[in-house]
Amino acid sequence: MPPSAKPSSAPPPQELPAPSYPAIESLLEATPAEDVRALFAPVKEGLAGLKGPKVEVGKKAQTALAHAEQLLELLVDTRERLIAEAKGSKGRK
């Protein structure tokens, strides 16, 4: 027999808070784009110099670092695009 159409006594779902990443936001807002792009260079150099049994872990870390670098590059590009659009829209009024 199908369940009745009675409303359940469960509370309504609560809204999730919007994610906030203040460290990344402040880094992107306060740091020039070139510095943000060069942020991972010393870490990549250190990982490239690993030897012995740590090489496999280093390869996994390099892959994760490459993904993080791509995401950060996307954020920097988006910030630059938004700044350019904001400057361009001021003269249209």
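For clarity, every value in this text was computed on a predicted model and none was experimentally measured.
- Here K44 pairs with E69 under the salt bridge (charged side-chain N to carboxylate O under 4.0 Å, His left out) rule; sequence neighbours left out.
- The list of side chain to side chain donor-acceptor pair (under 3.5 Å) pairs with a residue in residues 49-58, not counting sequence neighbours, is empty.
- For L74, the side chain to side chain contact (heavy atoms under 4.5 Å, CB included) partners are T78, not counting sequence neighbours.
- Partners of D77 under the salt bridge (charged side-chain N to carboxylate O under 4.0 Å, His left out) rule, at least two apart in sequence or in another chain, are R37.
- Here the NZ atom belonging to K87 is positioned 12.5 Å from the CG atom belonging to L82, to the nearest 0.5 angstrom.
- Under a hydrophobic-cluster definition in which Ile, Leu, Val, Met, Phe, Trp and Tyr are linked whenever side-chain heavy atoms come within less than 4.5 Å, directly or via other members, L39 and L75 are assigned to the same cluster.
- Put simply, the side chain of E80 does not reach to within 4.5 Å of the side chain of I83, judged on heavy atoms.
- E34 is linked by a salt bridge (charged side-chain N to carboxylate O under 4.0 Å, His left out) to nothing, counting only residues two or more places apart in sequence or in another chain.
- A pairwise comparison of heavy atoms in G58 and L47 identifies CA-CD2, 4.2 Å as the closest pair.
- For V57, there are no side chain to side chain contact (heavy atoms under 4.5 Å, CB included) partners at least two apart in sequence or on another chain.
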